[in-house]
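All values reported here derive from a predicted model rather than from experimental measurement.
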Amino acid sequence: MRDFQLPGRSATHAGEAMVATSHPLATVAALDVLKSGGAAMDAAVAATAVMCVTEPAMTGIGGDCFMLYAPKGGDKVTAFNGSGRAPRAASVEALRAKGMTGELTPDSAHSVTVPGCVQAWERLVADHGRKELGELLKPAIKAAEDGFAVTPRVAYDWGRCAAKLARDTGASAIFLPGGRAPKAGERFKNPRLAETLKKIAQSGAKAFYTGDVAESMVKLLNSHGALHTMDDFAAAEGEYQQPIATDYRGYTVHECPPNGQGITALLMLNILKGFDLGKLDPAGPERMHLEVEATRLAFADRNAYVADPRFGRVPVEELLSERHSADQRARIRTDRAMEGVAPVPLPAHNDTIYMCVVDRDRNAVSLINSVFDEFGSGMATPDTGIVLHNRGYSFRMDPKHPNRIEGGKRPMHTIIPGMLTKDGRAAMPFGVMGAHYQPIGHTHLVTNMLDWGMDPQEAIDFPRAHHRDGVVQLERGFAEATAKGLQALGHKTGKAVNPIGGGQAIWIDWQNGTLVGGSEPRKDGFAAGF
């Protein structure tokens with residue numbers, strides 16, 4: 001139980017249904033859908049669409065999504081891959097011929113894959129919802145057309161991107177009204193995006209992938225030398241997949257399979273399950289040392305193997321085997337940091353939205369939607385209000401690497417929803433935002449709850465660390481003794497400049513017939529139910 005004399009928030013408790021998002025308007029929209037008889041999937045899509053308007057640095061309809069779904073609280077979890085593909089003409093050779101000499105850059109038009117989320121929303125609502133997509137888009141349309149009050153964290157992220165947005169005529173025209181980023185409390189409108197959403201509401205996903213909306217995006221990309229065609233957009237199609245999973249402390253942790261990086265979280269948990277974490281101080285150097293070492297090993301595997309499995313075998317079974325886990329675990333020493341594991345070069349990304357919903361029937365949805373970099377590629381089509389993501393930035397230009405860019409291929413993806421099950425029932429949809437931090441965040445959240453008995457809100461509130469480029473970046477919530485202890489073990493430490501990640505979770509309390517929600521204090525949203 002939290003200390004009620006200290007600042008913080010309690011976990012949210014409700015009996016019927018619950019939603020947790022990173023933006024107030026999204027939470028309200030999802031609650032309205034649930035109260036009007038909508039299913040969890042309806043509420044999830046409505047909330048995500050709102051955040052595509054109100055958190056433009058983090059997500060948008062020009063991005064991708066992934067989803068895990070546990071119908072009626074069962075443990076038969078289904079995954080949906082709503083990530084887009086590279087244009088069919090793309091290849092290492094084709095990009096080299098166009099003058100590329102190094103790796104893809106985050107602002108390159110070649111880093112834009114065909115956005116997958118709109119097609120995914122339509123499919124998911126049709127298969128698992130009770131309402132029409134057009135009705136579910138109404139709150140997002142209203143926010144874009146009438147405007148919304150910019151919240152503090154959104155303003156913080158927006159302000160840090162002003163220089164990036166200024167480099168693109170379309171992006172600056174939309175997202176820098178008056179030549180600057182909006183401040184907290186100011187009203188922002190995106191009328192062009194409202195019109196685009198109205199077209200989707202009326203005609204479905206085809207209004208995004210064909211016709212004038214797609215033409216606008218293709219024209220912009222081609223003007224920057226990209227290889228996209230109208231046929232690439234028209235061919236966009238997501239797919240259902242079988243999740244991958246591992247057992248941890250009596251629960252099963254489900255993740256989407258590659259091309260997503262969810263396997264990285266499972267690799268970390270497989271390593272850590274061999275240590276008695278519950279005996280350690282959850283904020284102490286010993287716990288964080290083990291988490292960092294597991295991170296280093298798991299990310300080395302991720303970078304070597306994770307790619308689109310349609311273009312080459314990804315050894316999922318071998319990576320998740322007990323033998324591999326034991327071998328990796330044996331490399332960790334409790335008295336000093338490992339040698340011989342190269343630092344993982346990770347760009348600093350904090351730009352994603354994650355949300356979860358559980359409805360009256362205990363249908364549980366775990367959904368994540370993203371433009372990858374903050375404001376994605378930084379390119380936007382002024383006549384549609386759409387900012388284009390840069391998910392293809394994860395492709396490699398090494399023709400021998402499994403994640404090399406190829407036509408029709410999906411890149412290694414960082415966004416990963418999570419789902420916990422036990423004894424034949426769903427226990428918790430959960431997720432942690434923050435791009436490359438996400439597998440670490442999943443591991444941190446799950447171990448906080450299952451090893452130290454924290455509730456969802458306590459687990460999300462708890463301070464975080466991110467090992468990147470050989471440095472353990474610690475949030476201010478850690479005591480100085482933790483940093484010194486890590487240094488004594490041979491780690492380099494630093495202070496996190498920005499808050500690390502963001503998360504949401506809803507625990508299904510089957511014994512009491514209630515729900516327990518937690519929402520990210522580093523963001524603007526909240527969990528709510530009835």
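Under the 30°/60° scheme for interplanar angles, the aromatic rings of His128 and Tyr69 are found to be tilted. Ring-plane geometry between Trp158 and Phe375 is classed as tilted, the angle between the planes lying from 30 to 60 degrees on a 0 to 90 degree scale. By the 30° and 60° cut-offs, the orientation of the rings of His228 relative to Phe233 is tilted.
A donor and an acceptor atom, one from each side chain of Ser216 and Asp383, are located under 3.5 Å apart. In the model, Arg391 has a side-chain atom that pairs as donor or acceptor with a side-chain atom of Ser370 under 3.5 Å. Ser366 and Tyr354 form a side-chain donor-acceptor contact under 3.5 Å, judged by distance and modelled atom types alone.
Shown here are the salt bridge (charged side-chain N to carboxylate O under 4.0 Å, His left out) partners of Arg310, two or more places apart in sequence or in another chain: Asp308. Partners of Glu195 by side chain to side chain donor-acceptor pair (under 3.5 Å), not counting sequence neighbours, listed by chain and number: Lys198. With sequence neighbours excluded, no residue forms a side chain to side chain donor-acceptor pair (under 3.5 Å) with Gln242.
Salt bridge absent: Asp64 and Arg410 never bring a charged side-chain N and a carboxylate O closer than 4.0 Å. Ion pairing of Asp157 with Arg153 is present here, as a side-chain N (NZ or NE/NH1/NH2) and a carboxylate O approach within less than 4.0 Å. Salt-bridge formation is detected for the pair Glu374/Arg160: a Lys NZ or Arg NE/NH1/NH2 atom is positioned less than 4.0 Å from an Asp or Glu carboxylate oxygen. Under a 4.0 Å N-O distance rule, the pair Arg313/Glu318 qualifies as a salt bridge.
Looking only at distances, no side-chain donor or acceptor of Lys409 sits under 3.5 Å from a matching main-chain atom of Ala90. The backbone N or O of Val306 sits nowhere less than 3.5 Å from a side-chain atom of Gln261 that would complete a donor-acceptor pair. Not a single donor-acceptor pair under 3.5 Å links the side chain of Ser108 to the backbone N or O of Thr105. Put simply, the side chain of Asp373 never gets that close to the backbone of Pro106: no donor and acceptor are under 3.5 Å apart. Checked by atom type and distance alone, the side chain of Asp524 never pairs as donor or acceptor with a backbone atom of His23 at under 3.5 Å. Side chain of Ser111 to main chain of Asp107: no donor-acceptor pair is present (N/O by atom type, distance under 3.5 Å, no hydrogens or angles). For Arg396 (side chain) and His401 (main-chain N/O), no donor-acceptor pair under 3.5 Å exists by modelled atom type. Checking side-chain atoms of Glu520 against main-chain N and O of Arg522 turns up a donor-acceptor pair under 3.5 Å. The backbone N or O of Thr21 lies less than 3.5 Å from a partner atom in the side chain of Ser519, making a donor-acceptor pair. For Arg464 (side chain) and His444 (main-chain N/O), no donor-acceptor pair under 3.5 Å exists by modelled atom type.
From Met67, atom CE reaches atom CD1 of Ile368 across 13.0 Å, with rounding to the nearest 0.5 Å.
Checking Gln119, Glu237, Met230 one by one against Tyr209, the side-chain contact (heavy atoms from CB on, under 4.5 Å) holds for a single residue, Gln119.
Nearest heavy atom pair, residue Arg404 against residue Phe395, reads O-CD2, 3.8 Å.
Atom NZ of Lys138 is surrounded by 12 or fewer heavy atoms from other residues, nucleotides or ligands within 6.0 Å. Within 6.0 Å of CD on Glu239 lie more than 12 heavy atoms contributed by other residues, nucleotides or ligands. Annotation: Tyr305, atom OH; neighbour count of heavy atoms from other residues, nucleotides and ligands within 6.0 Å does not exceed 12. Within 6.0 Å of the CZ atom in Arg192, the count of heavy atoms belonging to other residues, nucleotides or ligands does not exceed 12. Atom NZ of Lys199 sits in a crowded spot, with more than 12 heavy atoms from other residues, nucleotides or ligands closer than 6.0 Å.
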(message) With side chain to side chain donor-acceptor pair (under 3.5 Å) as the criterion, how do Thr421 and Asp75 come out once you've worked through the C-alpha distance, each side chain's angles and the decisive distance to 0.1 Å?
(response) CA-CA 6 Å; Thr421 64; Asp75 67 345; 5.3 Å; no

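A heavy-atom distance below 4.5 Å is found between the side chains of Glu291 and Ile440.
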